[in-house]
Amino acid sequence: MPVRPAFAAALGAAALLCAAAGPATADASETVTVAPTGRIAADGTITLSGTYRCTGNTGPVFVSSSVSQDDPRLKHGIGGSAALCDGAEHPWQNSGKVSADSLRAGTAHVEATLMELRPSGIVPLPAFHAVQEQDVTLVQE
């Protein structure tokens, strides 16, 4: 079998495995929080922040965030940052620029995810440590 089709088949199998397995149940001591206020800069850069706590990782861990406003199906990814899983609480802050007039000051919905890429053969698989969804207030700077 040529390399490309074999690699595509492996990726497809990994995707099916992820879908079948679903997210792992996170340890109750692992958390991610979202600050009640986010910022919008004049150039459209959104900054979100909060805290996280996690333990027991075998692969790299990241805090990712997204924000939506008006249409909950339209989420804007707002950066990602590396996380340190040592059991202590740490701050996180992500920034990302969205297209002009996509978001405005006011109420918005944020989802923050603490996710690990665990080694598993050729393709690392996602393992969720914690997820938090909540409404925040976006403030124009």
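Here the structure is a predicted model, which means the values were calculated and not measured.
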Residue pairs passing the salt bridge (Lys or Arg N to Asp or Glu O under 4.0 Å) test with at least one member in residues 132-141, sequence neighbours excluded, are Arg39-Glu141
If hydrophobic clusters are built from ILVMFWY residues whose side chains come within less than 4.5 Å, do Val98 and Leu138 share one?
yes
Same cluster or not: Val67 versus Val139, using hydrophobic residues (I, L, V, M, F, W, Y) connected whenever any side-chain heavy atoms lie under 4.5 Å apart?
no
Are any of the side-chain heavy atoms of His76 and Ile46 separated by less than 4.5 Å?
no
Side chains of Ser102 and Gln69, donor plus acceptor under 3.5 Å:
no
Spacing of Met115 atom CE and Phe62 atom CZ [to the nearest 0.5 Å]:
7.0 Å
Point-to-point distance, once rounded to the nearest 0.5 Å, from OG of Ser66 to CD of Glu111
5.0 Å
Got a donor-acceptor contact below 3.5 angstrom from the Arg53 side chain to the Gly87 backbone?
yes
Nearest 0.5 Å please: distance from the CD atom of Gln93 over to the OG1 atom of Thr47.
5.5 Å
Between Gly38 and Leu48 the two heavy atoms that sit nearest each other are CA-CD2, 4.2 Å
Specify the closest pair of heavy atoms between Val61 and Cys54, including all atoms of both residues, with the distance to one decimal.
CG1-SG, 4.4 Å
Of the non-hydrogen atoms in Asn57 and Gly59, which two are nearest, and what is the gap between them?
ND2-O, 2.9 Å
Non-hydrogen side-chain atoms of Arg104 and Asp70 separated by less than 4.5 Å
yes
Distance check, rounded to the nearest 0.5 Å: His129 atom NE2 versus Thr55 atom OG1?
7.5 Å
Under 3.5 Å, side chain of Trp92 to main-chain N/O of Thr33, donor-acceptor pair present?
yes
Group every Ile, Leu, Val, Met, Phe, Trp and Tyr by side-chain heavy-atom contacts under 4.5 Å, then state whether Leu114 and Leu84 land in the same group.
yes
Minimum heavy-atom separation for Val32 to Ala112, with atom names?
CG1-O, 3.7 Å
Kindly write out the residues that satisfy salt bridge (charged side-chain N to carboxylate O under 4.0 Å, His left out) with Asp71, not counting sequence neighbours, or none if the list is empty.
Arg73
Polar side chain donor-acceptor pair, Thr37 to Thr137, under 3.5 angstrom
no
When rounded to the nearest 0.5 angstrom, what distance separates OG in Ser65 from NZ in Lys75?
11.5 Å
Would you kindly confirm whether Val63 and Phe128 end up in one hydrophobic cluster when ILVMFWY residues are joined by side chain heavy atoms under 4.5 Å apart?
no
Connected via hydrophobic side-chain network under 4.5 Å: Ile40 and Ile78
yes
Please list, chain by chain and in numerical order, all residues satisfying salt bridge (charged side-chain N to carboxylate O under 4.0 Å, His left out) with Lys97, sequence neighbours excluded.
none
Give me the atom names and distance for the closest heavy-atom approach of Val136 to Ala35.
CG1-O, 3.3 Å
CA sep, side-chain torsions, deciding dist, call: Glu116, Thr58, side chain to side chain donor-acceptor pair (under 3.5 Å):
CA-CA 8 Å; Glu116 176 181 354; Thr58 56; 3.2 Å; yes
